[in-house]
Amino acid sequence: MKTKIFHIVENFDNKYGGVNVVVKSIVNNINLYKHEVINVKNKLLTISQIKKIFCSKNKKKIIHIHGIFNPTFLFVALLSIFFNIKFTVSSHGNLKEITWKQKGLVSYLFKYTYWNFFAKYILKKAFKVHAVEKIEFNNLKTYFKKNKISTIYHMYNFDNNKTKYKINKNLIFIGRIAALKGIEILIDCFSKIKKLKNFNLVIYGPVVDIDYFNNLRNQIDKKKLNNRILFKKPISGKQKNNILGASWAFVNASKSEVLGFTNFEAARSSLPIIASTNFGLGELKNNGGITVNPTVLNFKRAIEETLKWSLKRRIKNGKKINNFFKKKFSMESAVKKWNRFYEI
């Protein structure tokens, strides 16, 4: 009988971003194991979900907790310890320094108390911890000093996309409209560029923080950039591929993220990437992209550099990005690592 992996995930829905994409990629590609996703809604598990996890007929099972700051995750971990079931943890960037302070003093005090008085004693019982890249690995080492931490990159299928696109002068961002994404940096630096040369900034994604979104709109209105900075609805599938392939560059100023699946999507479409150094993608600067600390001045300089590219240079850089991601993030290697990760 195959070992069954129960993935404990908060708000398992497409609009909630990268964690769900990671979980789906594991479910779809790690075939040595059975998988079931337990969707934690409103920070609670139902009785039927608890029974499904802990009273299932599968004798061989592992519980994989995706995230940190949800009391339900600690509840599941405690039950796992009680029933002598092995569990693993993926923090998905939850323990990065900036996430502790992003929502003010009250949020910080909650997280400080949650981690230091409860979580660190419970989650350290995990038999393995997952990091996405080296920066996160080093960060997690300070929290899980005695645990085995495995670094496994995102799984992504870089199939050969031979479609030829008519490239337009759009810089694009795809992702959730939330404060950690650093969209205000993009808007502010865009407003400071004197020679935009008919370039536009187009932002695609669901609004998950309405106050932040309204502040962004007010910022655009004040700077009189309504015709140059556009918000669009979320995109997916063929439409997303077409937009990625036909754009000038992908700009991502996220303040806290691990690799970022949208960077992978951009690379698949041979779209040059301007990314924050927070992603752990430092090698981009030698492979057709640009990485900078997420400040207005840095992104302004990076965008100004891309605006000077010729079309030929833009296409060449896109190909370099695509080749770099294919070599660096081998699907075959990631699958092998995940198979080993779940070995009991």
Side-chain angles (χ1 to χ4, degrees), residues 18 93 96 98 132-136 153-154 156 158 165 167-175 180-205 225 228-229 240 243-329:
K96 281 194 169 185
I98 191 170
V132 172
E133 40 76 35
K134 290 180 181 178
I135 294 176
E136 186 181 34
Y153 297 136
H154 292 328
Y156 196 83
F158 291 99
Y165 299 97
I167 297 172
N168 57 50
K169 292 186 175 183
N170 284 342
L171 304 176
I172 66 168
F173 169 79
I174 298 175
L180 274 178
K181 297 299 182 180
I183 300 169
E184 78 282 358
I185 294 173
L186 301 178
I187 292 171
D188 202 9
C189 77
F190 211 71
S191 71
K192 296 180 185 301
I193 298 172
K194 294 180 180 180
K195 296 181 180 180
L196 284 171
K197 300 179 181 179
N198 297 320
F199 279 86
N200 297 315
L201 172 63
V202 188
I203 300 163
Y204 297 90
L225 288 168
R228 287 299 182 91
I229 301 177
K240 180 187 280 189
I243 288 170
L244 286 165
S247 298
W248 193 261
F250 185 76
V251 286
N252 200 337
S254 180
K255 300 170 186 175
S256 176
E257 202 157 349
V258 280
L259 291 183
F261 252 100
T262 50
N263 292 324
F264 283 65
E265 292 171 329
R268 177 187 176 272
S269 296
S270 298
L271 179 63
I273 299 168
I274 306 172
S276 159
T277 49
N278 292 327
F279 286 104
L281 290 169
E283 300 111 307
L284 281 186
K285 60 185 179 182
N286 298 318
N287 292 281
I290 302 172
T291 53
V292 294
N293 287 324
T295 66
V296 173
L297 180 59
N298 287 335
F299 263 87
K300 175 179 177 289
R301 288 172 176 168
I303 289 174
E304 285 176 333
E305 182 180 333
T306 66
L307 301 188
K308 295 175 184 177
W309 292 345
S310 65
L311 179 59
K312 185 177 180 180
R313 175 80 182 279
R314 150 63 182 88
I315 294 170
K316 181 180 179 181
N317 284 340
K319 288 179 179 178
K320 288 173 71 175
I321 284 280
N322 181 269
N323 290 331
F324 165 71
F325 270 76
K326 281 181 181 177
K327 292 176 182 177
K328 175 79 174 179
F329 304 106

A.B. asks: How long is the straight-line distance from NZ of Lys96 back to CD1 of Ile135, given to the nearest 0.5 Å?
C.D. replies: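 Reported to 0.5 Å precision, the distance equals 6.0 Å.
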A.B. asks: Considering non-hydrogen atoms only, spot the tightest contact between Asn263 and Ile273 and give its length.
C.D. replies: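 It is O-CD1, 3.4 Å.
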A.B. asks: Give me the atom names and distance for the closest heavy-atom approach of Ile183 to Phe173.
C.D. replies: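 Scanning both residues completely, I find the closest heavy atoms to be CD1-CE2, 3.9 Å.
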A.B. asks: Are Thr277 and Asn293 linked by a side-chain donor-acceptor pair shorter than 3.5 Å?
C.D. replies: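 The criterion, which ignores hydrogens and geometry beyond distance, is satisfied for Asn293 and Thr277.
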A.B. asks: For the residue pair Phe325 and Phe264, does the interplanar ring angle fall in the parallel (under 30°), tilted (30 to 60°) or perpendicular (over 60°) class?
C.D. replies: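 The rings of Phe325 and Phe264 stand perpendicular, inter-plane angle above 60°.
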A.B. asks: Can you tell me which residue among Ile203, Ile243, Asn252 is in a side chain to side chain contact (heavy atoms under 4.5 Å, CB included) with Ile172?
C.D. replies: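 So the option named by the test is Ile243.
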A.B. asks: Could you tell me the separation between the CZ atom of Arg314 and the OG atom of Ser270, rounded to the nearest 0.5 Å?
C.D. replies: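 Interatomic distance, Arg314 CZ to Ser270 OG, rounded to 0.5 Å: 7.5 Å.
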A.B. asks: Mind checking whether Phe250 and Ile174 have side chains closer than 4.5 Å, heavy atoms only?
C.D. replies: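 Yes. Closest side-chain heavy atoms under 4.5 Å.
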A.B. asks: Answer yes if the ring centres of Phe261 and His154 are under 6.0 angstrom apart, and no otherwise.
C.D. replies: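 Phe261 vs His154: aromatic centres under 6.0 Å.
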A.B. asks: With salt bridge (Lys or Arg N to Asp or Glu O under 4.0 Å) as the rule and sequence neighbours excluded, what pairs involving residues 284-311 come up?
C.D. replies: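 Every pair satisfying salt bridge (Lys or Arg N to Asp or Glu O under 4.0 Å) with a residue in residues 284-311: Lys300-Glu304.
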A.B. asks: Taking atom CG of Leu201 and atom OG of Ser191, what is their separation to the nearest 0.5 Å?
C.D. replies: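 Reported value, rounded in 0.5 Å steps: 11.0 Å.
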A.B. asks: Could you tell me whether Lys255 atom NZ has more than 12 heavy atoms of other residues or ligands within 6.0 Å of it?
C.D. replies: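 Buried by this count: over 12 neighbours within 6.0 Å.
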A.B. asks: Checking side-chain polar atoms at under 3.5 Å, does Asn323 have a donor or acceptor matched by the opposite partner on Lys327?
C.D. replies: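 Short answer, no.
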A.B. asks: Nearest 0.5 Å, what's the OG-CG distance between Ser247 and Leu171?
C.D. replies: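 Nearest 0.5 Å value for the OG-CG distance: 8.5 Å.
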A.B. asks: Let me confirm one number: the CG-CG distance from Asn317 to Asn322, rounded to the nearest 0.5 Å.
C.D. replies: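 With rounding to 0.5 Å, CG (Asn317) is 12.5 Å from CG (Asn322).
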